[in-house]
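Notes to accompany the following structure.
Keep in mind that what you see is a predicted model, and the values were worked out from it rather than measured. Position 1 is the first residue of the sequence; numbering continues from there.
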Amino acid sequence: MRPLLASAIVIGFLIVGATIALAGSAKQRLDNGLISFTEASTSGSNGPGGGGISGIACVSTQNGQPHSFAGNALLDCDSVGPHNETTIAVNPTDARNIVAASHTYLYNLDKKSAIALLRIFTEAYVSKDGGQGWTNVHPPHGSYRFLTDPALAFDADGHLYWSNVASHDSVAGAFSDVSVIVERSDDGGINWTDPVTVAKGNGTISNGGSNVQFNDKDWIAVDRGTSVYRGSVYVTWARQQYRQDVQTESPIFFVRSRDGGQTWTSGAEISGVSPLCSGQGATGPRTRCDQNDAGFSSPIVGSDGTIYVAFLNHQAQGATLRDQVLLVRSTDGGDTWSDPQPIVGLIHDGAGDYPTNWVGDSALTGCQFRIFAAGNLTVSTAKANAGQLYYVYAENLDPGATARTNIMTTTSVDGGTTWSAPTLVSSSASDQIFPWAATGRDGKLRVGYVDRARTAPPGQTCVYGYTLATASDLAATSFTSKRLDTGVSIASDARWFRNAAVNGTNTRFIGDYTNIAIGPDGSVWASWTDMRDTVTVFGRTGHTEHAAAAKG
């Protein structure tokens, strides 16, 4: 095991030289995605929002939701603006307490300038009755105006932790000091502590700052096992460094708390060094695994307290960059970490492997929203196969302009040292993206994913739904699948994130991941960005983005 290095020590060994800009960098995603969402508000009021900035905004109920959502749960009711990038967790002490979260886009009046500012918050949707009603909660979030990448995790005693990436700026701002924060709820998601900043950013990403540290794509896990580290909270993310508007490195960082989220260790780099990493960037040794862009790190904890973290790592392949999936682990609560080991070799997810949307992001045939290969890592805590690891991801099976993508899974029975050959979750000819995996009391793998195997209305080129697949065996060599959505999402007739001059009404963003969670009763809950409903705002009509959930 190698010792955990504090960020200050690592920086002392950096060798700065020529570098390459990574595709899909944080700055590019902000400039081309969220910032361009800003629209003029003529009223100077809350615009397409009805809720406040903190407290309980409203309650969505099964009886009160539109008939088009029958059989699913429409989670949000605070705004007619978009809600996307969903996450969900179930209280291990109470199967009726389900909490989801997503972005919520709200206009609010700036009292000093009297200008309506678009703010992107993350809000919680809390059910205490098994999914019949969902209370929309806007946590205080301190002085942060822009929040993204929500991630939720319960501990074994029902305390709920929530990590986010956060900035003090509104959407039109410079995205200064982009940080990672954590909040805690002791009542199942209704009331939240003030945020603790566990990783502070530096500089402004959107104005070409000469030396910017930008934190991206956080995820959170809690030790719910029987080890001496039980109750410890772990957060990972990609710490991206920019110099003169170019991303020079993006290692995976780690912090932990052992006092219920009150205090945290200093951020430390865990992505390590390996011959697997060819040093395509120019900071540090050539084998430093620091070229991970967003990284999509996914920490999990085994019942024995072992921490596992999987992440995407960029490697140059000719004129493009493709991702491999690497794994690091710690058996001493995060004090020391193994060197990276391979989970999946190079995935066809680089330039030229997929069609691109009008801003150059990888997309799908007939669609414009950006996609990624990333899935997540999960570990079984069931007696039948305790410690068995699974990783799911989206693999391009037909690279090129008419590419399609399917969900793949691989399994390790020896703690991540070796992995099985990747297996198709479904042999469907339709695109499947944004997978999320979880294991239940029976040890079997469940995978939720966005599925394009839906009938499109006339004239529409991009529609999708949500599917849950269940492994037939512990080795996850075959699956049965079940459609969870009860209405088709129409992404090619969108109200938000569109450019009529270039791609008509095809949306360019539905979030970067979905989520599933398994409760103590064995029930599976899934959440996703849903586009079955239409809305008219500022004179434009199209399908909006709701946060939806279903019990599998």
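The pair Asp512-Arg370 meets the salt-bridge criterion, with a side-chain N (NZ, NE, NH1 or NH2) lying under 4.0 Å from an Asp/Glu carboxylate O.
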Go through it in stages, so that I can follow the logic: the residues are Tyr466 and Asp451, the test is side chain to side chain contact (heavy atoms under 4.5 Å, CB included), and I'd like the CA-CA distance, side-chain angles, deciding distance and then a yes or no. CA-CA 5 Å; Tyr466 202 80; Asp451 189 356; over 6 Å; no
Start with the C-alpha distance between Gln324 and Ile347, add both sets of side-chain angles, then the distance that settles side chain to side chain contact (heavy atoms under 4.5 Å, CB included), and finish with yes or no. CA-CA 6 Å; Gln324 61 181 341; Ile347 299 168; over 6 Å; no
Under the criterion ring pair (Phe, Tyr, Trp, His ring centres under 6.0 Å), I'd like the reasoning laid out for Trp496 against Phe509: C-alpha separation, chi angles, the key distance, then a yes or no. CA-CA 8 Å; Trp496 313 110; Phe509 183 69; over 10 Å; no
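Under the side-chain hydrogen bond (donor to acceptor under 3.5 Å, both in side chains) test applied with His103, the options Thr86, Thr148, Asn164, Thr529 reduce to a single match, Thr148. Checking each of Asn376, Asn292, Thr236 against Ser297 for a side-chain hydrogen bond (donor to acceptor under 3.5 Å, both in side chains) leaves exactly one that passes, namely Thr236. Remark: of the listed residues Ile307, Leu377, Thr306, Leu377 is the sole one forming a side-chain contact (heavy atoms from CB on, under 4.5 Å) with Ile300.
Taking the ring centroids of Phe497 and Tyr105, they lie under the 6.0 Å cut-off. Not less than 6.0 angstrom separates the ring centroid of Trp528 from the ring centroid of Tyr449.
Side-chain N/O atoms of Asp530 and His546 include no donor and acceptor closer than 3.5 Å. Side-chain contact, Asn506 with Arg508: no donor N or O sits under 3.5 Å from an acceptor N or O. A donor atom on one side chain and an acceptor atom on the other are found under 3.5 Å apart for Asp332 and Ser330. Side-chain contact of Asn215 with Ser179: a donor-acceptor pair under 3.5 Å is absent, judged by distance alone. Between the side chains of Thr405 and Glu395, no donor-acceptor pair is found at a separation under 3.5 Å. A donor-acceptor contact under 3.5 angstrom links the side chains of Ser163 and Asp218, judged on distance only. A donor-acceptor contact closer than 3.5 angstrom links the side chains of Asp293 and Gln247. Side-chain polar atoms of Gln460 and Ser492 form a donor-acceptor pair below 3.5 angstrom.
With sequence neighbours left out, Arg498 forms a side-chain contact (heavy atoms from CB on, under 4.5 Å) with Thr505, Arg540. Applying the ring pair (Phe, Tyr, Trp, His ring centres under 6.0 Å) rule to Trp436 yields the partners Trp219; only residues at least two apart in sequence or on another chain are considered.
The aromatic rings of Phe372 and Phe296 sit tilted relative to each other, their planes meeting at an angle between 30° and 60°.
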